[in-house]
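Here is how names work: the chains are called A, B, and so on, in the same order as the sequence lines, proteins then strands, and each is numbered from 1. Note that the coordinates shown come from a computational prediction; the quantities given were computed from them, not determined experimentally. When reading the values below, keep in mind they use all heavy atoms of this one structure, side chains included, and skip hydrogens, waters and symmetry mates.
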Amino acid sequence: MAHTRVGDLLKTGEIGTAVTLQGWVRTKREGKGVGFLEVNDGSCLASIQVVVVQESLGGALKQVNTGAAVQVLGTLVASQGKGQRVEVQAQTLTLVGAADAETYPLQKKRHSFEFLREIAHLRPRTNSFGAVFRVRNTCAMAVHQFFQERGFLWVHTPMITVSDCEGAGERFQVTAFDLTQPALPPKLDFTEDFFGRPAYLTVSGQLEAEIMAMALTNVYTFGPTFRAENSNTSRHLAEFWMVEPEMAFCDLEGDADLAEAFLKHIFRTVLEQCPEDMAFFQERISDRVLDNAHKIIDEPFARISYTEAIALLEHSGHAFEFPVHWGIDLQSEHERYLAEVHFQRPVVVMDYPANIKAFYMRLNDQVDPQRQTVRAMDVLVPGIGELIGGSQREERLEVLEQRMRSVGLNPEDYWWYLDLRRFGSVPHAGFGLGFERLVQFMTGMGNIRDVIPFPRYPQNAEF
RNA sequence: UCCUCAGUAGCUCAGUGGUAGAGCGUCCGACUGUUAAUCGGAUGGUCGCUGGUUCGAGCCCAGCCUGGGGAGCCA
């Protein structure tokens, strides 16, 4: 059915044109002679006002309540009232789908995000969530645009893996066993299972992305990722989307350069394409949203080494709950001090101690044996903390094997990963970005569960 | 998983041992080119669950459940 999007009508609709409008009623104001509907179709933040003359359409208006789906045939006219440029003078009003006013949960008032989370099937119909999902969409398109313009290939890494690697947290097991039949042998025989061995949902596409980069040079993944951690925070999900570029012939500095250009591009694109939604977040969610965005776009990121960061924290005069000394992993309070208090903008911290980072990160040349570091980098941002984590990968076969053994991994289990170092190995680097954290940072939304349509977290998989 | 705060009407909350409340929503009416409409009236409750203390518990105690915030793990 041909119809006109609300966003087009409000922005560029010409007065006097006939329109077919379809959408959902946000509110109704009914008087004796004339009634008003606010109709929204998600195409933009604003709703459009529909004017209904009671004597001709009053009967139809009676049935139309908040939440109802309607179709309006009418004419776009200049608004007599204040608050909008144009409005639709209705000739016919059709109730497409009724909504019972007494039981429809959304009212024309502000609702708490906690309440809306319980009705995640209806919350996209609110201003806040409409704005979140439009911005999320624009972020996703900007991710692809950024990499595609630079010749990166989008590669599809598996969601089911058998490699017991990465050490990146608890995994969800995947099995074809019927777990409702407890008549299992004393010891599960996974050779009888679907893949012939234990299998899991992926916690990262990085190792496979490295394979692809060793042939295609520059690649990225963008897809769902799963962690079975019992994390109950405003920054964690059990199912989230991750962006992982991987570049051959690239070192850590190139990796950090890419991360910075990447974030600048995403923010610039969203500010250009979603100005109304971003203004909404600035006004209603967090008054730091636009300031954050402009700092990302306009200012170079701060860059310091881990060792410098530790010294900076030690001399900050700030009393931290977790004492600071060389060798600790940076705690949330440390990351936030760096990004929010000291630099007040994103900061890239590089060259972390080897023993707090993953086995695949490239060892730096030893300057001080007591202070062995690896080529890791984290991008820390105000409000969120770690937004991006990346590294230059260890490309030297012997060093990598040694490193794996020292952390208790069996190199034979990673034969294909090591083959990449046996045949045509090159320096390479990449990073991982939690997509929801990006959207969270972009919009100022306080809880990550409110930037994904259907959040999964412990004890919650409704909808 | 740990710490902490909370759970009372559809929503947001008040009620600190003695008859269950307000605003908003909803419904009815009035009024009006309205726009968080306005005005009047009405509607609305397993006080999270279970047990305990007490003459008497929304309130005190214990356990559990659910949610928020913080922490850890991480992206």
Side-chain angles (χ1 to χ4, degrees), chain A residues 26-39 46-54 61-62 65-67 77-84 87 89 99-119 122 126-127 166-171 203-206 224-244 259 321-322 329-336 356-358 378-381 384-390 431-441 446-452 457-460:
Chain A
R26 287 291 178 79
T27 78
K28 172 172 72 170
R29 292 178 291 276
E30 203 176 354
K32 183 170 284 181
V34 64
F36 302 90
L37 298 175
E38 299 279 340
V39 176
S47 301
I48 193 163
Q49 176 161 282
V50 174
V51 185
V52 176
V53 177
Q54 290 283 48
L61 192 60
K62 209 70 182 169
N65 293 314
T66 301
V77 299
S79 180
Q80 297 175 31
K82 293 174 185 171
Q84 59 277 320
E87 62 194 16
Q89 191 80 43
D100 177 34
E102 287 194 36
T103 52
Y104 184 63
L106 290 174
Q107 304 168 1
K108 45 183 172 186
K109 56 177 279 193
R110 286 190 84 159
H111 286 296
S112 68
F113 289 128
E114 293 80 18
F115 171 66
L116 292 173
R117 225 169 276 150
E118 296 171 7
I119 50 169
L122 297 172
T126 64
N127 285 337
E166 300 136 24
E170 296 297 314
R171 295 162 300 165
V203 293
S204 165
Q206 181 201 315
T225 307
F226 308 89
R227 303 275 167 92
E229 299 283 348
N230 191 11
S231 294
N232 275 291
T233 82
S234 57
R235 306 183 307 282
H236 290 87
L237 293 165
E239 175 184 298
F240 63 100
W241 285 60
M242 191 148 66
V243 179
E244 295 173 292
E321 187 187 345
F322 292 87
D329 204 356
L330 294 180
Q331 304 293 313
S332 286
E333 56 171 343
H334 305 140
E335 295 179 344
R336 296 183 62 144
I356 61 170
K357 288 293 183 181
D378 284 351
V379 179
L380 312 178
V381 299
I384 305 286
E386 184 182 343
L387 181 61
I388 285 177
F431 64 75
L433 165 112
F435 185 64
E436 282 75 16
R437 287 194 184 170
L438 173 68
V439 179
Q440 203 184 349
F441 182 48
N447 196 311
I448 200 167
R449 297 165 186 177
D450 298 328
V451 297
I452 186 170
Y457 50 100
Q459 300 300 315
N460 280 279

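Separating the C1' atom of B:G21 from that of B:C39 is a span of 23 Å, rounded to the nearest Å. Across the C1' atoms, B:G67 and B:C55 are found 36 Å apart, a figure rounded to whole Å. B:G23 and B:A9: their C1' atoms are spaced 12 Å apart (whole Å). Nucleotides B:U53 and B:A20, compared at atom P, are 23 Å apart to the nearest Å. Comparing the same atom, C1', in B:U46 and in B:U8 gives a spacing of 12 Å after rounding to whole Å. Between the C1' atoms of B:A36 and B:C11, the separation comes to 15 Å (whole Å). Nucleotides B:G52 and B:G58 are separated by 15 Å at their P atoms, to the nearest Å. Using P as the reference atom, B:U19 and B:C47 are 16 Å apart when rounded to the nearest Å.
Close to B:A71, at under 4.0 Å from its OP1 or OP2, lies a side-chain N or O of A:Arg235. The phosphate of B:G68 has OP1 or OP2 within less than 4.0 Å of a side-chain N or O from A:Arg449. Residue A:Lys108 has a polar side-chain atom (N or O) positioned under 4.0 Å from OP1 or OP2 of B:A37. Close to B:G68, at under 4.0 Å from its OP1 or OP2, lies a side-chain N or O of A:Arg117. Taking only side-chain nitrogens and oxygens, A:Thr233 never comes nearer than 4.0 Å to OP1 or OP2 of B:A71. OP1 or OP2 of B:G72 sits under 4.0 Å from a side-chain N or O of A:Gln331. Proximity of A:Arg29 to the phosphate of B:A37: a side-chain N or O atom is located under 4.0 Å from OP1 or OP2. Between A:Thr27 and B:U35, a side-chain N or O to OP1/OP2 separation shorter than 4.0 Å is absent. Residue A:Ser231 places no side-chain N or O under 4.0 Å from the OP1 or OP2 atom of B:C73. Residue A:Lys109 places no side-chain N or O under 4.0 Å from the OP1 or OP2 atom of B:A36. Note on A:Asn232: every side-chain N or O is 4.0 Å or more away from OP1 and OP2 of B:C73.
Base pairing of B:G45: no nucleotide in any strand meets the Watson-Crick or G-U wobble criterion (both distances under 3.5 Å). B:C24 is paired with B:G10 under the criterion used here, namely a Watson-Crick or G-U wobble arrangement in which both key atom distances are under 3.5 Å. B:G18 and B:C55 make up a base pair, with Watson-Crick or G-U wobble contacts both under 3.5 Å. Shown here, B:U38 forms a base pair with B:A30; the pair counts as Watson-Crick or G-U wobble because both key distances fall under 3.5 Å. Within the shown strands, B:U1 is the pairing partner of B:A71 under the Watson-Crick or G-U definition, both distances less than 3.5 Å.
Positionally, the nearest nucleotide of RNA chain B for A:Phe115 lies more toward the 5' end than for the other of A:Glu38 and A:Phe115.
The residue A:Glu87 sits close to a base: some heavy atom pair falls under 4.0 Å. Using a 4.0 Å heavy-atom distance criterion, A:Gln89 is classed as a base contact. Looking at heavy-atom distances under 4.0 Å, A:Glu436 makes no contact with the nucleic acid at all. Within the 4.0 angstrom heavy-atom criterion, only backbone atoms of the sugar-phosphate kind lie near A:Leu387; the bases stay farther away. Residue-level contact check: A:Thr103 touches neither bases nor backbone, having no heavy atom under 4.0 Å from any strand. Counting any heavy atom pair closer than 4.0 Å across all strands shown, A:Asn460 reaches sugar-phosphate atoms only and no base atom. Within the nucleic acid shown, A:Phe36 comes within 4.0 Å of at least one base atom, counting heavy atoms only. Residue A:Gln107 is in base contact, counting any heavy-atom pair closer than 4.0 Å across all strands shown. In this structure, A:Glu114 reaches the sugar-phosphate backbone alone: every heavy-atom distance under 4.0 Å involves primed, P, OP1 or OP2 atoms, never a base. Within the 4.0 angstrom heavy-atom criterion, base atoms lie near A:Gln49.
For A:Ser234, whose side chain is taken as the heavy atoms from C-beta onward, the closest listed nucleotide among B:U26, B:U12, B:G70 is B:G70. Comparing B:A71, B:C74, B:U12 by their closest approach to the side chain of A:His236 singles out B:C74.
Atom P of nucleotide B:C73 and atom CD of A:Glu229 are separated by 10 Å, given to the nearest angstrom. For the pair A:Asp329 CG and B:C74 P, the interatomic distance rounds to 7 Å; values are reported in whole Å. Between the C1' atom of B:G7 and the CD atom of A:Glu118 lies a distance of 11 Å, rounded to the nearest Å. Following rounding to the nearest Å, A:Leu330 (CG) and B:C73 (P) show an atom-to-atom distance of 11 Å. Here B:C74 presents its P atom at 8 Å from NZ of A:Lys357, a figure rounded to the nearest Å.
Counting heavy atoms from C-beta on, the side chains of A:Asn127 and A:Arg26 come closer than 4.5 Å. A:Asn65 has its side chain out of reach of A:Asp100: every pair of non-hydrogen atoms, C-beta onward, lies at least 4.5 Å apart. At a threshold of 4.5 Å between non-hydrogen side-chain atoms, the residues A:Phe240 and A:Arg227 count as touching.
Annotation for A:Glu87 and A:Ser79: closest pair OE1-OG, 2.8 Å, computed over non-hydrogen atoms.
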Problem set entry | Stepwise side chain to side chain contact (heavy atoms under 4.5 Å, CB included) test for A:His236 and A:Glu229 | CA-CA 9 Å; A:His236 290 87; A:Glu229 299 283 348; over 6 Å; no
Problem set entry | side chain to side chain contact (heavy atoms under 4.5 Å, CB included) evaluation trace for A:Val34 with A:Phe36 | CA-CA 7 Å; A:Val34 64; A:Phe36 302 90; 3.9 Å; yes
